[in-house]
Amino acid sequence: TAANAACVYPQAPQQFPNGATATKEQMLAAQASVKEYQKAVEGVYLPCLDKEKNDATAALDPSDPEYAQKKAALDEVHAKKNNAAIDELQAVATRFNEEIKAYSAAQKK
């Protein structure tokens, strides 16, 4: 439906510099891209999903015999989209943290 197209899934950073060989500037740029992605997920995408679900639920007719099924389907889709976004955000953070550790280790040498 058109309502499903309203929330645009943010693009995660695709690559990070190799922490073992990266410059401070490269690491700071990567950090900025992670923070921007995090803000897009937590500040825009997830609230949009919540509003989308609430609007769709409000549009349902409580007297409809299939109300409970339709609401459950909306809840399920919302949960899947929400969880997928959070899972990807955590994966991005984990990948970046690995490069930060490598960068820190390289700086100590």
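Positions are given from 1 along the sequence.
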**Student:** Please name the pair of heavy atoms, one in Ala84 and one in Tyr9, separated by the smallest distance, quoted to 0.1 Å.
**Tutor:**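 Looks like O-OH, 3.6 Å.
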**Student:** Look up atom CD in Gln31 and atom CD in Gln38, then write down how far apart they are to the nearest 0.5 Å.
**Tutor:**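 Atom-to-atom, Gln31:CD and Gln38:CD are 10.5 Å apart.
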**Student:** Just how far is it from atom OG1 of Thr21 to atom CD of Glu99, taken to the nearest 0.5 Å?
**Tutor:**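 Rounded to the nearest 0.5 Å, the OG1-CD separation comes to 8.5 Å.
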**Student:** Cluster question for you: counting only ILVMFWY and a side-chain heavy-atom cut-off of under 4.5 Å, with indirect links fine, are Phe96 and Val41 together?
**Tutor:**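 As far as the 4.5 Å side-chain criterion goes, Val41 and Phe96 are connected within one cluster.
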**Student:** Is the shortest heavy-atom distance from the side chain of Phe16 to the side chain of Val92 under 4.5 Å?
**Tutor:**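 The answer is yes; the side chains approach within 4.5 Å.
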**Student:** Rounded to the nearest 0.5 Å, how far apart are OH of Tyr103 and NZ of Lys24?
**Tutor:**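 One finds 6.5 Å between OH of Tyr103 and NZ of Lys24.
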**Student:** Quick check: closest heavy atoms across Tyr67 and Asp61, and the distance to 0.1 Å?
**Tutor:**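 Of all heavy-atom pairs spanning Tyr67 and Asp61, the closest is CD1-O, 3.5 Å.
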**Student:** If hydrophobic clusters are built from ILVMFWY residues whose side chains come within less than 4.5 Å, do Leu28 and Ile100 share one?
**Tutor:**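 Result: no, two separate clusters.
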**Student:** Taking Glu88 for the side chain and Ala85 for the main chain, is one N or O donor matched with an acceptor at less than 3.5 Å?
**Tutor:**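 Not a single qualifying donor-acceptor pair exists.
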**Student:** Of all the heavy-atom pairs spanning Asp50 and His78, show the shortest one and how long it is.
**Tutor:**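 Residues Asp50 and His78, closest heavy atoms: OD1-NE2, 2.7 Å.
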**Student:** With sequence neighbours excluded, what pairs up with Lys39 under the salt bridge (Lys or Arg N to Asp or Glu O under 4.0 Å) test?
**Tutor:**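 Not a single residue meets the salt bridge (Lys or Arg N to Asp or Glu O under 4.0 Å) criterion with Lys39.
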**Student:** Do Leu49 and Glu52 touch side chain to side chain, with heavy atoms closer than 4.5 Å?
**Tutor:**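 SC-SC contact between Leu49 and Glu52 confirmed.
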**Student:** For residues Ala106 and Gly19, report the shortest heavy-atom separation together with the two atoms involved.
**Tutor:**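 Nearest pair, atom of Ala106 first, then Gly19: CB-O, 4.3 Å.
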**Student:** Over all heavy atoms of both residues, which pair between Ala22 and Pro17 is shortest? Give the atoms and the distance, please.
**Tutor:**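 Scanning both residues, the minimum pair turns out to be CB-CB, 3.7 Å.
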**Student:** Salt bridge check, Lys80 against Glu76: does any charged N sit closer than 4.0 Å to a carboxylate O?
**Tutor:**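 Salt bridge between Glu76 and Lys80, a charged N being under 4.0 Å from a carboxylate O: yes.
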**Student:** Can you sort out the partners of Lys101 under salt bridge (Lys or Arg N to Asp or Glu O under 4.0 Å), two or more places apart, ordered by chain and number?
**Tutor:**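 Salt bridge (Lys or Arg N to Asp or Glu O under 4.0 Å) check on Lys101 returns nothing, list empty.
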**Student:** If you round to the nearest 0.5 Å, how far is NZ of Lys81 from SG of Cys7?
**Tutor:**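 Going from the SG atom of Cys7 to the NZ atom of Lys81 covers 6.5 Å.
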**Student:** Taking the side chain as C-beta and beyond, is there a heavy-atom pair between Glu42 and Leu89 under 4.5 Å?
**Tutor:**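 Heavy-atom side-chain distance check passes, below 4.5 Å.
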**Student:** Please determine whether the number of non-hydrogen atoms from other residues, nucleotides or ligands lying under 6.0 Å from atom CD of Gln15 exceeds 12.
**Tutor:**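 At most 12 heavy atoms, drawn from other residues, nucleotides or ligands, come within 6.0 Å of this atom.
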**Student:** Any heavy-atom pair between the side chains of Val44 and Val8 that's under 4.5 Å?
**Tutor:**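 No - every pair of side-chain heavy atoms lies 4.5 Å or more apart.
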**Student:** Which value, rounded to the nearest 0.5 Å, describes the distance between Asp75 atom CG and Asn82 atom CG?
**Tutor:**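 CG of Asn82 is found 11.5 Å from CG of Asp75.
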**Student:** Which distance, rounded to the nearest 0.5 Å, do you find between the SG of Cys48 and the NZ of Lys51?
**Tutor:**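 That separation rounds to 8.0 Å.
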**Student:** Indicate the atoms forming the closest heavy-atom contact of Ala20 with Asn18, along with that distance.
**Tutor:**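 So the minimum-distance heavy-atom pair works out to N-OD1, 2.8 Å.
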**Student:** Counting distance only, does the side-chain N/O of Gln14 pair as donor-acceptor with the main-chain N or O of Ala12 below 3.5 Å?
**Tutor:**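 Yes: the side chain of Gln14 pairs with the backbone of Ala12.
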